[in-house]
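Scroll down for the structure; my scribbles are underneath it.
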Amino acid sequence: MTLRNIAIIAHVDHGKTTLVDELLKQSGTYRDNQATTERAMDSNDLERERGITILAKATSVEWKDARINIVDTPGHADFGGEVERILSMVDGVVLLVDAAEGPMPQTKFVTSKALALGLRPIVLLNKVDKPAAEPDRALDEVFDLFANLGATDEQLDFPVLYASGINGWADAELDGPRKDMSALFDLVVAHVPAPKQVAARAEPFRMLATTLGADPYLGRVLTGRVEAGTLKAGETIKALSRDGAKLEQFRVTKVLAFRGLAQAPIDQAEAGDIVTLAGMSKATVADTLCALEVDTALPAQPIDPPTISVTFGINDSPLAGRDGTKVQSRVIRERLMREAEVNVAIKVTDTPGGEAFDVAGRGELQMGVLIENMRREGFELSISRPRVLMRDEGGQRLEPIEEVTIDVDDDYTGTVIEKLTGPRKGDLAEMKPAGIGKTRIIAHVPSRGLIGYHGEFMTDTRGTGVLNRVFHEWAPYKGPIPGRREGVLISMEDGTAVAYALWNLEDRGRMFINPQDPVYQGMIIGEHSRDNDLEVNPLKGKKLTNVRATGTDDAVKLTPPTIMSLEQAIAYIDDDELVEVTPKAIRLRKRFLDPHERKRQAKASA
């Protein structure tokens with residue numbers, strides 16, 4: 001049986017996971033009476049809720065006399081650490097592009113990695129049956145993108161298919177029969193080369209670990225493509241680090257391969273196949289698993305550095321320990337270290353004092369997903385405002401610049417451009433029509449200027465705008481960028497919020513809490529209508545007397561409060577504020593200063 005290894009690349013919500021569903025169905029992977037789920041590859045709870053792919057996952061289908069290993073890659077640049085490792089396991093890519101939107105920033109990010117590795121692309125124009133589809137324009141944009149990314153002549157000579165993933169068909173012609181996915185299967189077998197590793201089956205065993213996992217029965221497991229040789233369960237091999245140092249010698253307890261969505265034990269792993277090994281205790285991502293006689297480690301793909309940092313600390317508020325079960329700094333540290341081990345795009349360092357940890361990663365979404373997973377596991381945390389990581393080169397301070405692509409109604413283009421190029425110090429790169437009444441704006445903006453901007457952008461565009469961002473380059477520091485303009489309303493009492501008090505405070509600004517919510521001194525309960533912070537009393541009830549008169553007993557009518565999501569809260573806070581995260585609540589508060597720090601600040605202000 002011949003072997004093909006491919007990855008599917010697409011922007012968020014272009015239909016990648018839906019396409020894989022159809023490939024699984026039409027290849028006969030499911031039994032006729034087998035219960036199936038929609039978006040089967042999105043196995044993580046957060047992936048299903050948000051409709052995005054976070055973790056790279058593999059599956060395997062059989063077509064005629066070929067086995068095709070398919071890797072579903074994340075579409076968001078924040079999870080690019082997964083993408084860079086996964087692409088080293090495949091020999092070709094299917095680039096999935098929405099025929100209406102064309103190639104988008106995350107497509108550009110992953111495609112640049114694939115082209116740099118020399119992979120040959122197949123372009124699949126999806127959703128061509130939608131009324132807004134413009135397949136010819138989308139195809140021209142794909143070709144221009146490849147040329148701008150430095151594709152070779154062989155890569156520019158790519159085959160094109162037209163498809164509708166949700167309706168289960170792909171054809172070489174736009175007006176084809178539209179029956180099934182056989183055209184895609186046949187093209188993958190014909191166009192994607194067989195793994196070159198197949199010729200090295202007689203050599204000693206070598207494999208580069210690309211993803212790390214944990215199995216409740218097998219323990220630590222590593223997945224990767226076998227670069228040379230063969231391996232059976234029970235054999236003894238060793239692990240080498242990136243620099244060739246020996247980490248451990250271990251007996252392989254299981255050899256698993258993808259068969260459909262599940263992994264099944266196989267008798268022997270052969271060069272070219274994607275397999276999972278169990279039995280190691282120390283080996284991790286980017287290490288080489290090899291036969292005992294091998295002394296040279298395989299080259300590992302370099303990982304782009306983190307661009308933002310967030311401080312994770314213990315929850316030291318008066319309400320700490322009421323919701324969560326994991327509140328100690330030791331337990332938080334262990335969980336973060338486990339995450340850093342699995343996700344190479346995350347770096348964790350201890351801060352002085354040992355009760356807080358700096359976690360560096362790719363973006364706010366990646367941090368939000370990590371925090372959300374931890375709160376669902378029972379953790380209580382305090383989270384700082386994200387800080388952009390700078391770099392020093394040749395005595396010059398550099399900061400990360402992101403390419404922002406915005407699709408917005410023509411009425412709002414002026415406001416968006418003014419916000420990006422004014423206080424956020426961005427540069428307008430391109431502006432062009434994007435359909436009837438729509439404009440596409442491309443700008444290069446410092447990462448610092450984009451923290452907290454998404455919520456403001458949605459307000460400015462009345463919820464109709466679409467904003468996508470991807471890392472562009474390192475550039476000289478552009479000077480200070482103003483933060484949030486509004487002040488906050490801070491509770492000056494401990495207790496339970498009263499509706500009457502909140503009603504009287506509505507003139508001061510918008511509220512973040514409901515009546516009967518617990519509050520404490522220093523907790524942020526709303527946004528001030530002016531630029532200064534204001535301490536208020538949300539517990540002050542109405543004074544009761546035995547006198548009744550017309551007009552003194554007005555009914556309390558409260559405006560619904562603004563309830564922030566986790567990402568919105570992290571983006572909203574200022575440098576002297578924290579987000580308190582528990583399994584049941586998200587609260588904002590001022591930093592609690594120790595007495596010595598409070599005295600020092602009082603002296604400085606005097």
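When a residue number appears, it is its place in the shown sequence, counting from 1.
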Of the non-hydrogen atoms in I573 and R385, which two are nearest, and what is the gap between them?
-> O-NH1, 2.9 Å
Out of curiosity, R424 CZ to L450 CG, how far, rounded to the nearest 0.5 Å?
-> 7.5 Å
What's the shortest heavy-atom distance between A114 and V93, and which atoms?
-> CB-CG1, 4.1 Å
Could you walk me through whether L428 and L420 pass side-chain contact (heavy atoms from CB on, under 4.5 Å), step by step?
-> CA-CA 8 Å; L428 187 64; L420 289 178; over 6 Å; no
Cationic N near anionic O, under 4.0 Å, E399 to K478 | no
Smallest heavy-atom separation, G102 atom then V97 atom, equals C-CG1, 3.4 Å
Heavy-atom distance under 4.5 Å between the side chains of F512 and M564, does that happen here?
-> yes
Parallel under 30°, tilted from 30 to 60°, perpendicular over 60°: which one fits the rings of F143 and F158?
-> tilted
More than 12 heavy atoms of other groups within 6.0 Å of E173 CD | no
Pair R375-L381, side-chain contact (heavy atoms from CB on, under 4.5 Å): steps then yes or no | CA-CA 8 Å; R375 72 184 289 227; L381 306 162; over 6 Å; no
List the atom of T210, the atom of G224, and the distance in Å for their closest heavy-atom pair.
-> OG1-CA, 3.6 Å
Please confirm whether the backbone N or O of G165 pairs with a side-chain atom of N126, one donor and one acceptor, at under 3.5 Å?
-> yes
Locate the shortest heavy-atom distance separating V348 from A340; write the atom from each residue and the value.
-> CG2-CB, 3.9 Å
With respect to H191, which candidate in V94, I6, I122 satisfies the side chain to side chain contact (heavy atoms under 4.5 Å, CB included) definition?
-> I122
Check: S164 side chain, V128 main-chain N or O, donor-acceptor pair, under 3.5 Å = no
Minimum heavy-atom separation for V226 to A269, with atom names?
-> CG2-CB, 4.2 Å
Is the backbone N or O of R178 less than 3.5 Å from a side-chain atom of D171, with the two atoms forming a donor-acceptor pair by type?
-> yes
Side-chain donor-acceptor contact under 3.5 Å, S60 with R67 | yes
Find the distance between CG (D273) and CE (M89) and round it off to the nearest 0.5 Å.
-> 10.5 Å
Electrostatic pair K64-D186, nearest N-O below 4.0 angstrom = yes
Measure from the side-chain N and O atoms of R510 to the backbone N and O of E527, and report whether any donor-acceptor pair falls under 3.5 Å.
-> no
Rounded to the nearest 0.5 Å, how far does CG of L398 lie from CG of L389?
-> 13.0 Å
Under 3.5 Å, is there a donor-acceptor pair between the T415 and D460 side chains?
-> no
Answer yes or no: is there a donor N or O on one side and an acceptor on the other, between the side chain of Q155 and the main chain of L115, under 3.5 Å?
-> yes
Side chain of N5, backbone of G272: donor and acceptor closer than 3.5 Å?
-> yes
So, are K438 and D409 salt-bridged, with charged N and O less than 4.0 Å apart?
-> yes
What distance separates L124 CG from I8 CD1, expressed to the nearest 0.5 Å?
-> 8.5 Å
